[in-house]
Each structure stands twice: as C-alpha cells, then as structure tokens.
Enquirer: 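If you scroll down you'll find the structure; I have some questions about it.
Throughout, protein chains are lettered first and strands after them, A, B, ... in sequence-line order, and every chain is numbered starting at 1. Just so we're clear, the structure is a prediction, and the values are computed from it rather than from any experiment.
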There are 4 protein chains.
Amino acid sequence: MNKQEQILAAAKELIYEKGYENTTVRDISNLAKANVAMISYYFGSKEKLFAAIIEENATNAFNKIEYIGNTEAPAEKKLEALVTMYVDRIFSQRRFFGIIYRELISRNSPELNKHIIEMHTRNYESLKKIINDGQQKEIFKADIDVELTIATLVGTIGQVVNPNDILYQVYKIETEDKEKENELKLRLKKHLTGILQCHLIQK
Amino acid sequence: MNKQEQILAAAKELIYEKGYENTTVRDISNLAKANVAMISYYFGSKEKLFAAIIEENATNAFNKIEYIGNTEAPAEKKLEALVTMYVDRIFSQRRFFGIIYRELISRNSPELNKHIIEMHTRNYESLKKIINDGQQKEIFKADIDVELTIATLVGTIGQVVNPNDILYQVYKIETEDKEKENELKLRLKKHLTGILQCHLIQK
Amino acid sequence: MNKQEQILAAAKELIYEKGYENTTVRDISNLAKANVAMISYYFGSKEKLFAAIIEENATNAFNKIEYIGNTEAPAEKKLEALVTMYVDRIFSQRRFFGIIYRELISRNSPELNKHIIEMHTRNYESLKKIINDGQQKEIFKADIDVELTIATLVGTIGQVVNPNDILYQVYKIETEDKEKENELKLRLKKHLTGILQCHLIQK
Amino acid sequence: MNKQEQILAAAKELIYEKGYENTTVRDISNLAKANVAMISYYFGSKEKLFAAIIEENATNAFNKIEYIGNTEAPAEKKLEALVTMYVDRIFSQRRFFGIIYRELISRNSPELNKHIIEMHTRNYESLKKIINDGQQKEIFKADIDVELTIATLVGTIGQVVNPNDILYQVYKIETEDKEKENELKLRLKKHLTGILQCHLIQK
DNA sequence: AATGAATGAGAATTCATTCAT
DNA sequence: AATGAATGAATTCTCATTCAT
C-alpha cells in the first residue's frame with residue numbers, strides 16, 4: 001500500500017469516526033504516517049480527498065447493483081440479493097455510511113454536493129430498474145411507490161447501523177462483538193426480506 | 001420572545017442549515033441579534049446550547065408518543081396515528097432531524113452523546129410499549145422484530161426527509177413547494193401505513 | 001492610541017520595512033502588542049488592512065494638493081509649494097511610499113489594485129488642474145507634456161527616496177542622519193524647483 | 001536553448017509579472033517545462049536564481065552606458081543617446097524594472113542587496129562620468145546636482161513605465177498597443193531631452 | 001443583563017528544498 | 001542530467017471563550 005492509498009485509508013477511517021469537520025488533515029497524515037503536505041500533493045485539498053472517497057465508494061456500490069440487476073434470477077431472488085448486499089455493504093462500511101448525508105447537509109460546498117448527488121442518482125436509477133423489471137414481469141405489484149420502497153430498504157438499515165451509539169444502546173445491541181453483529185445482520189435481512197416481500201409480491 | 005429564546009431559535013435554525021460544526025456562535029448571535037458573549041452567559045458553551053436544543057426536542061417527541069399510547073383507540077388506529085405523527089413531526093423539524101445522528105457520530109463529547117441516548121431510550125421505550133400492547137391484544141403478530149420495525153418507521157421517513165438534496169433531486173421532488181411537500185407527506189403516510197399494516201397486522 | 005491605531009501604525013512601519021509579502025500578520029501583531037486575531041477583527045484580513053493604509057494615505061495627499069490648488073498664490077508659487085509639499089511628504093512617508101507601486105505590480109488582488117488606481121486618479125486630476133490653471137493664465141508654457149511633467153516631479157523624489165539602500169550607498173548619503181536628510185531635502189527642492197521652472201515657465 | 005536557459009527565461013518572465021514573492025519555483029519550473037528540483041540543481045536556490053537574473057541585467061546596462069561614454073560624440077549628443085537608451089531599455093524590460101527596488105527593500109537577504117547595490121554603483125559611476133565629462137568641456141553647467149539629475153532621468157521613466165496600471169489608467173494610455181507605446185516612448189524622449197537640455201546645457 | 005474588545009489555540013494550505021532513484 | 005515523492009516550516013485566518021466595563 002503506497003502513501004496515497006494509506007492516506008485514503010486513514011481518511012476513511014477517521015472521517016467516519018469523528019466526522020468530516022472534526023477530522024483534521026493532521027490527524028489523517030499522522031495515521032497514514034505521511035506528511036501533511038502529501039494530502040495537498042495527492043488530492044489537492046481536504047475536500048477533494050473527501051470527494052475521492054465518495055467517488056470510490058459510490059462506484060463500488062453501483063457495480064454491485066448492476067451485477068445483481070444483470071443476473072438471470074427471478075425478481076424475488078433479486079430482491080433478496082439486494083437486501084443481502086445492502087445489509088452487508090452498509091454494515092461493512094458502517095464507518096463511512098452516514099457521512100455522505102451529514103456532509104450533504106452542510107451546504108458549504110455546492111460542488112461536492114452536486115457530485116454526491118450525481119453518484120447517488122446513478123445508483124438509484126440502477127436500483128429502480130430492478131424493481132420496474134419485477135413489475136413488468138408481474139411478479140411485483142404495480143401500485144407500489146418505488147421511490148419510497150427504496151427509501152425503506154436503505155433507511156431501515158441506515159437507521160440501525162448509522163447512529164451506532166443509539167443502535168448499540170437504545171437497541172440494546174452490544175458493539176464490537178462480531179457474533180452479535182452477525183446475528184443483527186441476520187435479523188435485519190430477515191426483517192427486510194419479510195417486510196418487502198409482503199409489500200411487493202403479488203398474491 | 002426574550003434574548004435567551006431568540007438565541008435558542010436562531011441556533012436551531014442555523015445548526016440544521018449548516019450543521020453543528022459549520023455554525024459559529026457568531027452566526028447564532030447575529031441572527032438572534034444578541035451579543036456573542038450572551039451565549040456563554042445563558043448556556044455556558046456552544047455545546048450546552050446544543051444540548052438544550054436536543055432536550056427540548058426529545059421531550060416534545062416523548063409527550064406526543066405518550067399521548068398516542070394513552071388513548072383508547074385500537075392498535076391499528078394507534079399505528080396510523082404514530083405514522084401520521086412521525087411523518088408530520090420529522091417533516092416539520094426537518095431542519096433539526098438528522099443533526100442528532102450527525103453529531104452523535106462525532107465522538108468528541110461523550111457527555112452530550114450520553115444525554116442524547118438517554119432521551120432516545122426514553123422515547124423508544126414509550127414507542128415499544130404501544131406495539132407490545134397491540135401484540136398482547138393479538139391484533140399485531142407476535143413474531144415480529146419490534147426494534148427493527150421501529151427502525152423501518154423512522155428510517156424510511158429520515159431517508160426521505162434528511163438528505164434533502166437527494167430527496168429533491170434523486171427522488172425528483174421539488175423543494176420549497178408546499179403543495180408538493182404535502183403530496184409527499186401523503187405518499188409517505190400511505191406507503192408506511194400500508195407496509196407496516198401488511199407487516200404487523202394478524203390475518 | 002487604541003489597539004486599532006496601534007495595528008495600523010505597526011503595519012505601516014513593517015510593510016514598508018520588509019514589503020507586504022514579507023510582513024506577516026504575526027509580525028504586525030507583535031509590534032502592535034496586539035493579538036493576531038485582532039487584525040482580522042478590525043480589518044477583516046491582511047489585505048484589507050493594507051487597503052486601509054492606502055486609503056488613509058491617499059486621502060491625506062489629496063487634501064494637501066487641493067489645499068494648494070485653492071490658494072490665491074500665483075502659479076509659480078503654487079509650483080514651489082507643490083515641490084515642497086511632495087518632497088516633505090514623500091520623505092516623511094518614505095516608509096510607505098513605494099509599497100503602493102510594489103504591490104500594484106503583484107497582480108494578485110485586482111480589487112485592491114482598482115482601489116489604488118482610483119485614489120491615484122483622483123490625486124492626479126487635482127494636480128493636473130493646478131498646472132492647467134497656470135497654463136490658462138499664461139504663466140506656464142502651453143506646449144508642455146503635463147502628464148510627464150508630473151511624472152518627473154514624483155519620479156525624481158521617488159527615485160531618491162524609495163530604494164533607500166541605493167540612495168544611501170549609491171548616492172553616498174548617510175542614512176539615519178537627520179541633518180544630512182534635511183540637507184538632501186533642500187537639495188531636492190532646489191533641484192526640482194530649478195528644473196521645473198526652467199521647463200514650465202514662459203520667458 | 002537548454003534547460004538552464006529556459007529556467008532563467010521563465011523566471012524573468014514570471015518574477016516581473018507577479019513579483020519575486022508571488023512567483024513560486026513550481027511556477028517557474030512549469031513554464032520552463034523543467035522539474036522543480038532543477039532550479040536548486042542549477043542555481044542553488046530561488047534567491048540565487050534571482051541574483052543571476054539581476055547580474056545579467058545590470059551587466060547588460062553597464063555595457064550600454066560605457067559604449068555611449070566611449071563614443072566621440074559631443075556631450076549633448078551623448079545626453080540624447082542616454083535618454084534614448086534608457087527609455088528603450090526600461091521599456092523593453094518593463095517586465096523586470098522595478099523588482100530590483102522592490103526586493104531591495106525587503107531586507108531579508110543582505111547578501112543579495114549588497115550585490116545589487118554593487119551592480120548599481122558601477123552603473124551609476126559610469127553614468128556620472130559622462131556628465132562630469134560634459135561639465136569639464138564646459139558644455140554642461142557646472143552648478144548642477146549630478147546625482148539628482150540622474151534621479152530625474154531614471155525616476156521619470158520609471159514613474160511612467162513601472163506601475164503600469166497607473167500608467168495605463170491614470171495617464172490614460174492604452175496598454176498592449178504597440179503603436180501607442182511607441183508614441184509614448186517618443187513623448188518621453190522628447191520630454192526628457194527637453195527638460196534635461198534646459199537644465200544642463202550652458203547658454 | 002449586556003456589550004465590544006481581546007485572547008490563544010488550532011485549522012488548512014503553500015512553499016522551497018531535498019532525497020532516492 | 002533529471003525526476004517525482006516527500007518533508008517540515010511558515011502563513012493566514014477562524015473560532016469559542018473570557019475579560020473589563
């Protein structure tokens with residue numbers, strides 16, 4: 001792992017840990033064992049470093065959604081695959097998920113916001129295609145609110161995973177415990193598959 | 001409205017608009033037409049001002065949940081009332097919703113976090129009581145995941161309302177348009193009532 | 001002298017001494033025995049502090065030119081008064097004269113440049129009026145190049161006073177010696193009065 | 001043109017354009033299409049690169065003055081030749097003229113200053129010799145202030161050419177216009193020849 | 001209760017220079 | 001001779017807080 005990658009990794013870790021505003025470039029450079037100036041050298045600025053992280057992340061998600069969309073599986077299997085993928089993904093990136101929204105809200109960098117939105121729109125469209133496809137094949141109900149159904153999928157996981165102190169204390173789930181975490185992931189997959197099937201599938 | 005209230009109001013407005021870190025005490029004092037020093041004078045520090053806002057907010061929510069729980073309505077009506085209340089509430093406080101989680105993540109003030117969690121736990125318990133009640137009366141299914149069901153309720157609304165640029169661009173919803181906003185609220189209420197009834201109610 | 005004035009005074013001193021770029025806000029705040037932040041507090045930024053200095057200075061010059069222009073003296077007396085005024089002025093502000101041009105050349109702040117030019121234009125017009133008046137009264141020759149005559153007046157003094165190492169070493173004039181300095185001022189006044197009278201006055 | 005010369009050329013161009021402090025070694029290396037490190041490699045440091053530029057420039061001037069001094073022409077012709085030479089020279093090097101003084105004032109490199117002063121002293125002595133020669137031959141008046149006369153020559157041109165925004169706006173002269181520029185040079189030569197002859201030549 | 005001035009710490013960024021190749 | 005990566009020092013500015021009134 002070269003310096004540039006080390007910086008990226010350190011930034012990802014810290015930015016979620018403490019938020020974008022609370023993470024200083026010095027923190028990042030210390031963790032990455034790189035000189036402060038290297039951040040400007042490689043990424044131009046703190047903000048652009050952040051943009052690079054988002055870019056990488058969103059593209060990654062996009063590829064996974066597209067992959068599921070392009071399989072030959074029936075719609076209900078695709079739904080299950082999406083739930084599984086999303087739960088795994090958001091959990092494994094719990095350190096990152098959430099910041100996007102947090103920073104989106106801080107309107108001080110319209111350019112960055114625009115970029116994030118573009119990424120998200122792309123991912124969203126890819127996701128929508130899968131549901132529309134299920135509707136066309138008359139496996140999914142026609143009269144569902146596609147946008148809000150996606151909001152339920154993502155929002156539920158986000159709610160569980162994001163504000164982790166709440167998760168781990170309000171929801172009485174122990175943190176740092178891999179086993180318990182896997183249990184929770186299973187619970188989430190089951191809950192979401194159940195609620196979404198009930199909501200989506202024709203009877 | 002006295003100076004203290006003016007400061008509180010200004011803080012609420014700005015902190016959501018730009019986030020906690022991006023809101024300076026000077027911004028707040030300017031908007032409140034108060035002197036900077038008054039913030040320290042009345043609230044002790046910026047952080048304590050923030051805590052005061054959260055306090056007020058959470059207590060407000062708690063009262064509303066308790067009120068619904070204490071009515072004589074049947075469980076399915078209470079569910080509908082909760083959906084309506086949550087949608088209205090989060091929408092009307094969209095300016096505030098989200099910061100809590102955002103700041104929770106920034107771990108720099110454990111005390112503040114603890115306080116937020118206590119508030120939330122209290123609200124959460126009150127909410128859970130309502131669902132457990134419906135289960136006891138055999139209107140709601142017994143084998144549902146109560147915690148995650150609440151996560152779906154709150155998370156779905158949050159997902160729609162929170163990152164509003166995404167809302168307004170990815171979800172193709174026009175901002176600043178009261179009529180469209182009401183339309184969206186109706187959509188959300190319908191979607192959530194539908195999906196939660198399908199999920200919760202015994203057949 | 002309050003803090004704001006102290007900062008202004010310290011800035012004037014240092015900026016000429018070492019140039020704008022070589023003077024740090026920390027230097028200024030140290031000399032002014034003020035905190036660094038006070039510079040932003042009072043002036044907004046280093047650049048605006050510089051602008052304030054220029055403003056004050058140019059306005060001061062303008063008033064003096066206007067005063068001479070408005071006296072009842074004959075043109076040749078006004079010329080003498082101008083020479084005297086300019087020599088005294090540039091000498092007494094030798095610490096300041098020159099920076100304007102130095103910074104004008106560094107084109108990085110177009111706004112500042114625009115402002116400086118406006119000030120100078122105003123002063124220049126006032127000066128020109130005096131010479132034109134002498135021409136109208138047929139005391140001064142009609143066929144002189146007014147712009148370049150002013151350039152000679154200002155440029156000569158500037159050349160002597162500005163690059164003071166050259167002045168004091170190339171021109172073999174001892175620095176820091178008040179007596180010698182007065183001698184030099186007399187020399188300059190004599191030289192300029194002589195050369196300008198020879199150039200301007202009708203025979 | 002090899003790399004070293006390219007760097008020198010790029011440095012000359014940029015340093016005047018933006019001033020010494022505002023020109024970064026990276027700017028220079030970019031324009032010269034050379035690596036940053038080559039500047040240190042060839043010149044030792046940014047400052048020494050600057051010294052090299054000054055050296056070249058001053059020597060060039062010295063040779064021209066000496067050439068005029070060594071011709072057989074009568075003093076008044078030499079004066080005219082000097083005016084012409086100086087106007088042409090300062091104009092053609094307007095990009096460079098002025099920085100010398102600007103940097104001289106920034107006292108942070110005494111060595112560099114000393115060097116510049118030496119160069120200037122040499123040039124100045126050569127110039128003075130020409131005037132003294134004219135005095136000896138009783139063509140020029142004996143009672144003139146030689147130093148200040150030279151200051152008038154150089155200062156007037158500098159005043160016109162140096163702060164070019166003032167020149168081009170206060171003096172109402174269009175920039176970038178070769179024809180107008182030549183016109184201005186002629187004006188200057190005429191003005192200076194006139195004023196200096198009137199001042200210097202015996203009647 | 002209220003103010004404006006003042007403080008000191010900490011932020012991101014930029015720069016000339018050097019090192020390893 | 002030439003390069004790209006890396007360094008550490010320095011700079012301006014912003015912020016929450018406190019002091020004197």
Enquirer: Rounded to whole Å, how long is the line connecting atom CD1 of C/Ile15 with atom P of F/dT12?
Expert: 11 Å
Enquirer: Using the closest heavy atom to pick a nucleotide of DNA chain E for each, name whichever of A/Ser40 or C/Ala34 lands nearer the 5' end.
Expert: C/Ala34
Enquirer: Rounding to a whole Å, what distance do you find between D/Ile39:CD1 and F/dT3:P?
Expert: 12 Å
Enquirer: Hey, what do you get for CD (D/Gln6) to NZ (D/Lys3), rounding to the nearest 0.5 Å?
Expert: 6.0 Å
Enquirer: Looking for any heavy atom pair under 4.0 Å, which part of the strands does D/Thr24 touch: base, sugar-phosphate only, or nothing?
Expert: sugar-phosphate
Enquirer: Taking pairing as Watson-Crick or G-U wobble with both contacts under 3.5 Å, can you name the mate of E/dA1, or confirm there isn't one?
Expert: none
Enquirer: Flag this pair as yes if the NZ/CZ of D/Lys48 is under 6.0 angstrom from the six-membered ring centre of D/Tyr42 and inside a 45 degree cone about the axis; otherwise no.
Expert: no
Enquirer: Just to confirm, is there a sub-4.0 Å distance from OP1 or OP2 of E/dA5 to any side-chain nitrogen or oxygen of C/Lys3?
Expert: no
Enquirer: Phosphate oxygens OP1/OP2 of F/dT7: is one of them under 4.0 Å from a side-chain N or O of A/Tyr41?
Expert: no
Enquirer: Identify, between C/Ser45 and D/Tyr42, the residue whose nearest nucleotide on DNA chain F lies closer to the 5' end.
Expert: D/Tyr42
Enquirer: Rounded to the nearest 0.5 Å, how far does CG of A/Leu49 lie from CD1 of A/Ile53?
Expert: 4.5 Å
Enquirer: Please give, in whole Å, the distance from F/dT17 C1' to B/Phe50 CZ?
Expert: 19 Å
Enquirer: Rounded to the nearest 0.5 Å, how far apart are OH of B/Tyr20 and CG of B/Leu14?
Expert: 13.5 Å
Enquirer: Taking atom C1' of E/dA2 as reference, at what distance in whole Å does atom CG of B/Asn30 sit?
Expert: 16 Å
Enquirer: Can you tell me how far C1' of F/dT14 sits from CZ of C/Phe43, to the nearest Å?
Expert: 18 Å
Enquirer: I want to confirm an ordering. Mapping A/Asn35 and B/Val25 to their closest nucleotides on DNA chain F, which one lands closer to the 5' end?
Expert: A/Asn35
Enquirer: Under 6.0 Å from the six-membered ring centre of D/Phe50 and within 45° of its axis: does the NZ or CZ of D/Lys12 meet both?
Expert: no
Enquirer: So which nucleotide from F/dC13, F/dA2, F/dC19 ends up closest to the side chain of D/Met38?
Expert: F/dA2
Enquirer: Between A/Ala37 and C/Lys33, which is nearer to the 5' end of DNA chain E once each is assigned its nearest nucleotide?
Expert: C/Lys33
Enquirer: Can you measure C/Asp27 atom CG to F/dC13 atom P for me and round it to whole angstrom units?
Expert: 14 Å
Enquirer: What nucleic acid atoms does A/Ser29 come within less than 4.0 Å of, heavy atoms only: base, sugar-phosphate, or nothing?
Expert: nothing
Enquirer: For C/Lys48 and F/dT12, what is the distance between atoms NZ and P respectively, to the nearest whole Å?
Expert: 16 Å
Enquirer: CG of D/Asn22 versus C1' of E/dC15: gap in Å, rounded?
Expert: 12 Å
Enquirer: Across all strands shown, which nucleotide pairs with E/dG8 by Watson-Crick or G-U wobble geometry, both distances under 3.5 Å?
Expert: F/dC15
